[in-house]
Each structure stands twice: as structure tokens, then as C-alpha cells.
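First listed ligand is number 1; within each ligand, the first listed atom is number 1.
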Amino acid sequence: MAAALGAAEQGVEVLLVEREDRNGGVLNQCIHNGFGLHYFREELTGPEYAERFMKLIESRNIRTFTGAHVWKLAPFENTAFIVSESGIYDVYFDALVVTTGARERPFGALMIPGDRPAGIFTAGLAQRFVNIENHLPGKRALILGSGDIGLIMARRLTLEGMEVVGVVERLPYPGGLERNVQQCLVDFDIPLYLSHTVTGVEGKGRLERVYISEVDDEFKPVKGTEKVFEVDTLILSVGLIPQTEILKNFVEIDPKTFGFITSNTGRTSLDSVFAAGNDVIIYDLVDYVSTEGYTAGKHAALHALRKVTPSRRIPIIPGENIGVLFPRFYEEQEDLRIYVRVRKPLENVRVVVEPGIYSRKFDRVAPNEMITFTIPSEKIPPSLNRILVEVEKDEG
Ligand SMILES: Cc1cc2nc3c(=O)[nH]c(=O)nc-3n(C[C@H](O)[C@H](O)[C@H](O)COP(=O)(O)OP(=O)(O)OC[C@H]3O[C@@H](n4cnc5c(N)ncnc54)[C@H](O)[C@@H]3O)c2cc1C
């Protein structure tokens with residue numbers, strides 16, 4: 001919706017295609033608050049945040065096509081193939097913005113030994129059952145993964161009457177935002193088992209018990225540390241994977257994260273194709289998704305109108321201690337907003353952008369808190385061959 005808005009405000013004709021019956025994506029099932037503090041300077045729930053954008057979309061007369069699945073894209077022919085109840089359509093475009101979001105890492109990817117009973121859900125699916133379809137997944141749950149979705153679901157299931165016996169995290173620190181650890185676990189006395197993982201599941205038909213163990217530095221279970229929980233539900237919150245399959249043979253995709261590689265204007269390796277949101281990197285706040293969506297929409301429209309030709313792209317390189325970095329190229333039409341996740345928690349560090357473009361000290365940084373900052377375009381010499389982003393020890 002933000003991309004559609006960014007494009008429409010440049011005066012182009014926009015079609016917003018969504019396979020669900022309603023626009024808004026994952027926001028529609030996130031009924032907790034905590035959305036919009038940056039973008040609207042208000043604390044909203046997910047559906048309220050989506051509603052704000054729906055109103056903006058309506059006020060701009062943007063055409064939306066819901067219940068419509070884009071099953072194939074032919075970017076060299078500038079064509080999208082759409083399947084819907086009303087028929088199959090070929091839609092021609094001058095520019096395309098892909099905002100397909102992310103999917104959850106499934107149980108099968110974890111190679112956990114044991115039975116394969118009912119009662120094992122990804123957190124997003126459990127959230128959809130509870131918040132949209134009004135079903136409780138079980139009575140007693142253990143949650144694997146302390147990312148934001150896992151933490152939010154620990155609180156949600158507790159509030160709905162389930163007993164949550166713990167959240168298990170293989171890293172020595174939580175994966176989600178600090179505020180969510182406090183508000184979702186500490187406030188509800190839900191134990192957090194750091195440096196632990198699930199080592200086995202048992203159950204005939206329905207899940208009956210889950211085994212966990214402490215892990216060493218290489219995430220291998222430590223003998224003699226096993227605990228067992230009698231639970232009928234295991235909730236998995238073990239990561240989101242950008243959904244980029246629809247363009248995987250056409251544009252550059254990061255082989256490690258599977259996200260689209262884009263410039264700061266959202267442009268992918270194909271001039272007329274832009275991408276934004278969780279299909280590029282996994283953001284922690286929807287506000288950032290909206291900001292980058294709006295920018296990608298705006299530049300897609302400028303491309304469609306032939307108002308700008310793609311400028312030279314300066315590569316942005318992830319240096320020391322950088323786990324996640326957006327964008328990966330700089331195009332000069334925009335200021336450079338950088339989003340970074342560090343690899344591990346660090347103290348007394350400096351985020352540095354070379355050569356000598358930006359530097360800021362942090363007392364503490366951690367992978368669960370995204371760092372973001374903006375460098376005005378006039379501070380970036382167009383002659384640069386590359387921009388390097390690093391997090392280094394602050395010697396001062
Ligand atoms: C449980 C949870 C809690 C969160 N809590 C917070 C919070 O407290 N505060 C905050 O700011 N952020 C929070 N977030 C993060 C934020 O909600 C997301 O980062 C953001 O909404 C992602 O937006 P997106 O548009 O990239 O992806 P999505 O919301 O996933 O949207 C992608 C859309 O694309 C559609 N689509 C995909 N493929 C196709 C296709 N082929 N054809 C047609 N349509 C297609 C999907 O149906 C979907 O509607 C939370 C996220 C989750 C999951």
C-alpha cells in the first residue's frame with residue numbers, strides 16, 4: 001500500500017494486486033499495539049495501521065485487486081499473470097514493485113528427531129488461527145524461538161487461556177526486541193531458556209511431550225542437560241524467509257538471506273523492477289517497511305514516466321560485524337537510509353560508513369535491535385567506487 005501510494009503521488013496509473021481478500025498483509029493478524037510510532041507518531045495495532053493506509057489508498061483512487069494471485073511474472077515482457085475468481089488476466093506494466101513479504105521457516109527445516117504428530121504450528125499460523133479464525137491451537141504450549149513473533153505469541157496464547165510453559169532460544173540472548181521480552185515474557189512470568197534448543201518431539205496422533213537441552217557454542221546439545229515438557233502444542237518462531245521465488249530467475253537475490261538485492265531507490269538488478277519490505281530484508285518495524293515501500297513506489301513511477309534514467313550504482317559492502325544490511329547499492333537521487341543488524345551483541349562500538357561519510361557511537365548494539373540512520377545525498381561524493389559499512393570497537 002505504501003508503494004502504491006508512493007507511485008500514485010507521481011501521477012501514474014497504479015494497480016495494487018493482493019491475493020488475500022483484504023489489503024494489509026501480516027498486519028491484519030497482528031492485533032497487538034506497537035505499530036506506527038515512527039510513521040504516524042502514534043501507537044497503533046496492526047489492523048489500525050493497515051486501515052490508515054487503506055484510507056490513503058482510497059483517497060488517491062488507487063485501483064486495488066484483492067483475491068488475485070500473481071502466479072507468474074515475465075519482467076522482460078513487462079507482464080504479470082494474475083489468477084482470480086473472476087478469471088485469468090495478463091497485466092502490462094511500465095514498472096513493477098514486488099512486495100511479497102516473507103514466509104515462516106517450517107518444522108521440516110529444523111531436522112528435529114522424533115514423531116510427527118499434530119500440534120506443531122508456526123507462530124504466524126497460530127496467530128492467524130487465534131486472531132482471525134477464533135481457534136485455540138491447544139491447551140499447553142512450548143515456544144521455540146524468541147524472535148518478536150514468538151514473544152508476541154507467548155503473551156497472546158496466555159491471554160487466551162493457554163498455559164505457555166516457556167520460550168526456548170538457542171542463542172545466548174533473545175532474538176526479539178527488548179520491549180517485547182519485557183512486555184510478553186517478564187510481565188507474564190513466562191520462563192526464557194536461552195542457549196537451549198528442542199531435541200525431540202513425541203506423541204501418537206497429537207503432540208504429548210517435547211525435549212529440550214542446553215547447547216554449546218556450536219549449537220550442539222550438551223549431554224545431561226535435558227528437560228522434558230508435557231505439552232500438546234509446539235509453536236515455532238524460527239525465522240522468516242523473504243518470498244522472492246516469483247522473480248528468482250530474473251533478478252539478483254542474496255544467496256544467504258534469499259532477499260532481493262536492491263539499491264536505495266528499491267531498484268533490483270532489472271531497471272524496471274523494484275522491491276521493498278520483508279522480501280528484501282526482514283524488518284523489525286512496519287514503519288521502515290512503509291518508508292522503503294513508498295520510496296520504491298515513487299522511483300518505479302519515475303521510471304515508468306521516464307523522468308529518471310538509472311544512475312551509476314555505487315555498491316554498499318557489509319564490513320566487520322554486519323549481519324544484515326540494506327540497501328546494497330546507492331543511486332544518487334535519494335538520501336541514503338541505511339538499515340543494519342549486527343552479528344552479535346557488542347558494547348562500546350562505533351557504526352562507521354567509509355570513506356568518512358558517517359560515524360556514531362553506541363554503548364550497546366544487538367542483532368535484535370535494527371540500527372537505522374540517514375546520510376544526506378550531498379555528503380556522498382558521486383565518484384566513490386564503493387561504500388563500506390562496519391561496526392568497530394570505539395577506542396575513544
Ligand atoms: C507476529 C508479528 C508481530 C509484529 N509486530 C510488530 C510490531 O509490534 N511493530 C511493528 O512495527 N512491526 C511488527 N511486525 C513487523 C511488520 O508487521 C512487518 O514487517 C510488515 O508488516 C511486513 O510487510 P510486508 O508488506 O513486507 O509483508 P506482508 O505483510 O507479509 O505482505 C505481503 C503481502 O503480499 C501478498 N502476496 C505475496 N505473494 C503474492 C502473490 N504472488 N500474489 C498476490 N499477493 C501476494 C501477501 O498475501 C501479503 O498480503 C510484526 C510482524 C509479525 C509477523
Would you tell me whether [X] and [Y] have side-chain atoms, one donor and one acceptor, within less than 3.5 Å of each other?
| X | Y | result |
| --- | --- | --- |
| Glu169 | Ser146 | yes |
| Tyr283 | Glu292 | no |
| Arg337 | Thr295 | yes |
| Arg155 | His32 | no |
| Ser359 | Arg350 | yes |
| Thr122 | Arg128 | no |

For [X] and ligand 1, does the shortest N/O to N/O distance drop below 3.5 Å?
| X | result |
| --- | --- |
| Gln243 | no |
| Asp279 | no |
| Ile246 | no |

Atom indices of ligand 1, in the order listed, that fall short of 4.0 Å to a heavy atom of [X]:
| X | value |
| --- | --- |
| His69 | 40 (C), 41 (N), 42 (N) |
| Glu20 | 47 (O) |
| Asp287 | 11 (O) |
| Val26 | 17 (O), 21 (O), 28 (P), 29 (O), 53 (C) |
| Gln127 | 1 (C) |

Ligand 1 contact by Gly124, heavy-atom criterion under 4.0 angstrom: no
Proximity flag Ala68 to ligand 1, non-hydrogen atoms under 4.0 Å: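 Checking ligand 1 against Ala68, which is what was asked, there is a heavy-atom contact under 4.0 Å.
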Centroid-centroid under 6.0 Å between Tyr358 and Phe373 rings: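 Centroid separation for Tyr358 and Phe373: below 6.0 Å.
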